[in-house]
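Numbered from 1 within each chain, the chains take letters A, B, ... in sequence-line order. Everything quoted here is computed from the prediction, not taken from an experiment.
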2 protein chains.
Amino acid sequence: MLRAAVGLADAEGVDAVSMRRLAQELGVVPMALYKHVANKDQLLDGMVDVVVGEFEPADPALDWQPAVRARVLSARRAVLRHPWARQAIESRTRRTPAVLGYMDSLAGTFRRGGFSADLTHHVMHALGNRIWGFSPELFDEPPAAGAVPPSAEEQQALAAEFAARYPHILEIAVAATGGDPSGVGAGCDEQFEFEFALDLLLDGFDRLRAQGWSSARR
Amino acid sequence: MLRAAVGLADAEGVDAVSMRRLAQELGVVPMALYKHVANKDQLLDGMVDVVVGEFEPADPALDWQPAVRARVLSARRAVLRHPWARQAIESRTRRTPAVLGYMDSLAGTFRRGGFSADLTHHVMHALGNRIWGFSPELFDEPPAAGAVPPSAEEQQALAAEFAARYPHILEIAVAATGGDPSGVGAGCDEQFEFEFALDLLLDGFDRLRAQGWSSARR
DNA sequence: AAGCTAGGTGTACGGCGTACACCTGTCAAC
DNA sequence: GTTGACAGGTGTACGCCGTACACCTAGCTT
């Protein structure tokens with residue numbers, strides 16, 4: 001049943017996963033599903049567990065920094081395989097055993113790396129959703145700005161207004177393409193952004209760890 | 001209408017904001033609302049705009065770091081006033097003028113602070129949802145773990161099992177209360193976590209800026 | 001006076017989650 | 001070998017949701 005739900009979400013998005021639709025997919029009447037899950041929330045929980053179950057286990061041979069990095073990037077790969085997972089994870093509020101297990105193991109990596117329990121707590125908060133391998137897509141598509149792609153002057157006027165009103169966003173969008181204004185619509189390299197922020201955080205963590213940071217002494 | 005919607009969401013949560021319910025609140029028939037918004041998504045967009053409109057404007061006298069910090073913490077205050085805003089912002093995909101304006105102004109602060117367009121782009125990604133004043137609530141409530149609060153041995157057994165299975169989470173939860181195991185259920189100081197991560201990032205940004213970081217030279 | 005338009009109305013459709021009562025096949029205990 | 005528990009599938013129904021579509025009305029412009 002979970003397998004069917006995950007497959008359906010992979011194929012048609014998480015919105016397509018309704019009790020009725022899933023039941024149909026399984027050749028069964030909707031209410032039959034309720035013999036296996038208490039409600040739809042629990043179904044979503046189960047689906048998230050499937051994804052979390054795909055995270056690769058920790059490699060104990062690695063130092064904490066590469067270990068966390070590898071773990072998080074593995075999570076990212078799993079979440080990218082299931083595009084709906086981002087939304088599903090964000091909407092979940094209950095922590096299932098699989099989720100707790102993953103968080104515990106990640107916390108353990110920090111602890112073994114010499115982080116105090118205190119600092120471990122804060123750095124995991126600082127990582128936030130990045131421990132699930134995703135970060136918010138703030139400007140996924142700065143609506144095709146300077147591009148003037150297909151047609152009329154109207155489009156150009158719109159672009160000009162955008163440029164006048166949001167000059168910095170335009171600048172940024174252009175920078176994201178390496179200076180080629182015609183490629184602005186393409187969006188930016190999410191993987192690069194992700195690793196950039198991740199490494200920035202990990203470096204900051206290391207600095208705090210090295211100086212024996214503690215919330216009490218702040 | 002937006003005012004009514006925001007009020008309703010403040011009072012009863014964003015889930016209570018349905019077209020029917022909102023119409024009822026306004027003493028009007030549901031379909032009447034569609035003369036003012038194209039669909040419910042646009043209503044949500046408008047509600048987010050109201051919140052973003054409450055962000056305090058930038059103080060041009062400040063240096064970039066305190067300026068960004070103040071701006072983001074102001075956003076946080078607004079979002080905390082409207083607890084539904086977090087979820088609403090996360091679910092939005094269209095960028096309204098108010099949202100674009102805020103992002104543009106924030107980007108401008110970085111630019112004026114000496115950040116390249118390139119670096120500005122990346123640091124804004126790194127901030128992620130924190131520019132809206134919130135971060136994910138990863139473990140909002142590590143289910144009352146070591147506490148053994150009200151009653152039976154069963155509870156104690158559960159707690160013991162939790163401790164055995166998720167030792168690091170327990171450790172973290174205890175650390176969050178400053179070492180008092182009886183307060184574990186209380187959750188942690190979100191405001192502190194937020195500022196911790198924010199400052200960590202801002203410091204990292206400053207370091208990159210100072211060393212003239214560029215994605216090309218990476 | 002004529003006509004446009006902004007905005008409110010009423011009905012209806014298809015979808016959703018799920019409560020509740022019911023049926024059926026399997027299998028253990030007697 | 002019969003009985004009874006139980007896991008799991010069925011059917012009907014309720015109340016909610018977003019919204020398409022046709023209609024009405026008051027007020028303003030010309």
Query raised in the report: How does protein reach along nucleotides 17-25 of chain C, written 5' to 3' as B (base within reach of a heavy atom under 4.0 Å), S (only sugar-phosphate), or - (no contact)?
Result: BBBB-----
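Results of the side-chain contact (heavy atoms from CB on, under 4.5 Å) test with B:Tyr102 over B:Leu106, B:Val99, B:Asp104 single out B:Leu106 as the only residue that passes. Screening A:Gln87, A:Arg86, A:Glu190 for a side-chain contact (heavy atoms from CB on, under 4.5 Å) with A:Phe134, the sole residue that qualifies is A:Arg86. With B:Thr109 as the partner, the side-chain contact (heavy atoms from CB on, under 4.5 Å) test is satisfied by one option alone out of B:Val68, B:Asp59, B:Leu62: B:Val68.
Counted by atom type alone, A:Ser215 and A:Asp118 present one or more donor-acceptor pairs between their side chains at under 3.5 Å. Side-chain atoms of A:Asp49 and A:Thr96 include a donor-acceptor pair closer than 3.5 Å. In the model, B:Glu171 has no side-chain atom that pairs as donor or acceptor with a side-chain atom of A:His121 under 3.5 Å.
At a threshold of 4.0 angstrom between heavy atoms, the contacts of B:Val28 are confined to the sugar-phosphate backbone, with no base atom among them.
Distance B:Leu33 CG to C:dT9 P: 10 Å, rounded to the nearest Å. Rounded to an integer number of Å, the gap from CE of B:Met1 to P of C:dA6 is 17 Å. Atom-to-atom, CD of B:Gln42 to P of D:dG18 comes out at 15 Å; the value is rounded to the nearest Å. If you take CD of B:Gln24 and C1' of C:dG8, they are 17 Å apart, rounded to a whole angstrom.
Within the 4.5 Å cutoff, no side-chain heavy atoms of B:Trp132 are placed close to those of B:Glu90.
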When you compare the protein's N or O atoms with those of nucleotides 24-27 of chain D, which come within less than 3.5 Å of each other, and at what distance?
none

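Because its NZ or CZ atom is both nearer than 6.0 Å to the ring centre of B:Phe194 and within 45° of the ring axis, B:Arg76 counts as a cation-pi partner of that residue.
Here A:His36 reaches the OP1 or OP2 of D:dG9: one of its side-chain N or O atoms lies under 4.0 Å away.
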